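For reference, the structure discussed in these notes is given below.
Note that this is a predicted model, so its numbers are computed, not measured.
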Amino acid sequence: MSCFGACTSPDIYQNCCNANTLCEFDGTLDNVVSEPIFVQKVFDAVLFNLQGLKTVANQCFSPAIPRGHRLKRVIDIRCNRYFNPENVEDPANLKLNINTTISGASFIQHSNGEEVTVVGPDGTYSERVIYADTRSCDEQGKGTPIFGTQNISITGDVQVALDLLLCDRYDHEVVFTVCANVNIAQESNPLFLTNFFELCMPSTQHSAFMPRFAEFCNPMCETRLATNNMGRDLTLCPDGTVKANLIIALCITCEKKIIVPVQLCVLSTGYVQLSPQASAICTNFPQLFPDQLQEDEKEEEAEEDECCECKCVCETVPCEPECPPSPKPKNRR
């Protein structure tokens with residue numbers, strides 16, 4: 001949502017905005033109903049943290065320090081992963097290439113040898129269908145263990161920024177920031193990280209769906225001066241260029257999941273209702289989602305649809321008047 005269109009931010013001139021929560025609850029439990037939803041359930045998962053180190057010597061930073069200034073100290077060092085949104089295949093993008101093998105089970109393949117992949121919660125084909133003979137553990141009412149090995153190859157760059165405190169000839173202090181793209185590894189010689197894991201797999205015999213295997217990782221980086229000493233790790237060249245010796249740590253969190261499609265019953269307060277932005281021309285607009293029907297409303301509709309049969313016995317009793325028309329149905333949102 002645009003911060004300027006709906007003014008979700010307190011100040012429209014701010015660079016950041018607040019998201020719309022979409023859902024509201026007035027606290028009345030009478031409005032809470034049960035809803036069936038078809039979702040992906042996490043049957044088992046493992047989480048682990050990995051760390052990779054990279055040492056860098058005499059890394060050049062830019063821009064150069066202005067003339068007439070001297071370096072007093074380093075205020076802060078920041079590190080961020082590099083990403084080019086205009087080219088997802090840019091070799092400078094920090095990439096994690098994950099290669100996972102498992103034992104005790106296998107990934108289902110097509111006839112041409114390609115692994116079968118299905119759409120995950122992220123909307124991409126990020127899950128692989130997995131199979132194992134689980135009959136022995138099914139008889140005990142337990143899951144089947146599988147074991148895996150994960151190899152992560154890291155390539156690309158990170159962005160390092162140094163906040164320097166400079167002092168001019170009049171002893172006026174100023175903060176000056178220099179930056180550099182630091183290469184972690186080339187595609188021809190990536191940085192490797194390896195770990196092992198164990199997961200529990202549900203039955204493949206008592207289910208209409210095969211379980212799925214999902215994995216994802218998220219990297220971040222931290223950096224510091226190699227020896228934490230500015231005199232040893234920083235060099236100021238005659239032209240004002242700053243060179244630094246750094247230690248860069250890649251901190252990676254990975255998760256492996258066994259996913260099973262299930263149907264769940266959840267408590268709901270109703271469908272999301274947004275207030276649309278005003279239009280100067282159109283007066284009516286169609287709805288995006290169907291109405292939510294409650295059980296009591298279904299009963300009322302059934303009663304309204306019932307035929308009213310009036311029997312007249314004209315010989316002894318005068319005919320009763322015809323049944324009154326059915327009441328108009330309630331307006332529903």
Side-chain angles (χ1 to χ4, degrees), residues 19 22-23 34-53 81 83 88 93-110 114-156 190-222 249-268:
L22 303 182
C23 295
S34 61
E35 296 281 358
I37 58 175
F38 186 54
V39 296
Q40 300 190 65
K41 174 185 179 297
V42 178
F43 185 82
D44 193 20
V46 291
L47 177 71
F48 36 82
N49 297 326
L50 304 174
Q51 176 180 285
L53 295 177
R81 56 187 180 184
F83 178 71
V88 71
N93 291 338
L94 186 66
K95 297 179 182 179
L96 304 181
N97 298 315
I98 305 174
N99 181 20
T100 300
T101 58
I102 57 175
S103 59
S106 60
F107 296 116
I108 295 180
Q109 299 180 351
H110 293 286
E114 294 183 359
E115 295 179 348
V116 177
T117 57
V118 294
V119 177
D122 56 351
T124 64
Y125 289 90
S126 59
E127 297 180 353
R128 290 181 282 179
V129 183
I130 191 172
Y131 175 79
D133 188 353
T134 61
R135 285 177 292 184
S136 61
C137 291
D138 292 345
E139 296 175 354
Q140 304 178 33
K142 296 182 179 181
T144 302
I146 62 174
F147 304 89
T149 302
Q150 174 185 256
N151 293 313
I152 302 178
S153 59
I154 306 172
T155 60
L191 176 63
F192 277 100
L193 299 177
T194 303
N195 69 287
F196 307 94
F197 60 91
E198 178 181 355
L199 285 169
C200 188
M201 185 173 170
S203 173
T204 58
Q205 310 297 322
H206 304 152
S207 173
F209 305 96
M210 293 293 179
R212 292 94 182 269
F213 178 81
E215 58 183 349
F216 42 85
C217 298
N218 189 29
M220 65 175 294
C221 66
E222 297 180 1
L250 293 175
C251 311
I252 303 174
T253 300
C254 291
E255 187 170 357
K256 311 289 184 183
K257 293 179 180 292
I258 297 293
I259 306 294
V260 182
V262 296
Q263 184 168 276
L264 298 179
C265 291
V266 298
L267 296 180
S268 169

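- Across all their heavy atoms, V119 and Q40 have their closest contact at O-NE2, 3.9 Å.
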For this session: Take I258 and I146 through the test side chain to side chain contact (heavy atoms under 4.5 Å, CB included) and record every step on the way to the result.
Result: CA-CA 11 Å; I258 297 293; I146 62 174; 4.2 Å; yes
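- Counting only heavy atoms from C-beta outward, the side chains of Q109 and V116 never approach each other to under 4.5 Å.
- Paired with L250 under the rule side-chain contact (heavy atoms from CB on, under 4.5 Å), one option of L50, L191, L53 passes, and it is L191.
- Checked by atom type and distance alone, the side chain of N93 never pairs as donor or acceptor with a backbone atom of K95 at under 3.5 Å.
- A donor-acceptor pair under 3.5 Å links the side-chain atoms of T204 to the main chain of A132, judged by distance alone.
- Here the shortest heavy-atom pairing between L193 and G52 reads CD2-CA, 4.1 Å.
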For this session: Please report the C-alpha distance between D44 and K257 in whole Å, then the side-chain angles of each, then the deciding distance to 0.1 Å, and finally whether the side chain to side chain contact (heavy atoms under 4.5 Å, CB included) criterion is met.
Result: CA-CA 6 Å; D44 193 20; K257 293 179 180 292; over 6 Å; no
Exercise. Does the side chain to side chain contact (heavy atoms under 4.5 Å, CB included) test come out yes or no for I102 and Q150, once each step is laid out?
Worked result: CA-CA 9 Å; I102 57 175; Q150 174 185 256; over 6 Å; no
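- Applying the side-chain contact (heavy atoms from CB on, under 4.5 Å) test between E255 and each of N218, V46, L47 identifies L47 as the sole match.
- Counting heavy atoms from C-beta outward, C254 and F216 have side chains that stay 4.5 Å or more apart.
- Shown here for F197 and T149, the closest heavy-atom pair between the two residues is CE2-N, 3.9 Å.
- For an aromatic pair to be called close, the ring centres must be under 6.0 Å apart, and F196 with F147 fails this.
- Remark: R128 fails to qualify as a cation-pi partner of F213 under the 6.0 Å distance and 45° angle criteria applied to the six-membered ring.
- Between S153 and F192, the shortest heavy-atom distance links the atoms CB-CE2, 3.7 Å.
- Between the side chain of R212 and the backbone N or O of I130 there is no donor-acceptor pair closer than 3.5 Å.
- Between C251 and C221, the sulfur-to-sulfur (SG-SG) separation does not fall under 2.5 Å.
- Annotation: side chain of E215 is not in contact with side chain of E127 (no heavy-atom distance under 4.5 Å).
- Counting non-hydrogen atoms of other residues, nucleotides and ligands closer than 6.0 Å to OH of Y125 gives a total of 12 or fewer.
- A side-chain contact (heavy atoms from CB on, under 4.5 Å) with T194 is found for one member of I152, N151, N99 and no other, namely N151.
- Considering only heavy atoms from C-beta on, P211 comes within 4.5 Å of P202 through its side chain.
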For this session: Apply side chain to side chain contact (heavy atoms under 4.5 Å, CB included) to the pair F43 and C200, showing each step before the final yes or no.
Result: CA-CA 8 Å; F43 185 82; C200 188; 4.2 Å; yes
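- A donor-acceptor pair is defined here as one N or O able to donate and one able to accept, closer than 3.5 Å; no such pair exists between the side chain of T134 and the backbone of C137.
- Proximity of E35 to L267: side-chain heavy atoms (C-beta onward) are nowhere separated by under 4.5 Å.
- Inter-residue side-chain proximity for M201 and P145 is flagged as unmet; no heavy-atom pair is nearer than 4.5 Å.
- Between L264 and P36, the closest side-chain pair of non-hydrogen atoms is not below 4.5 Å.
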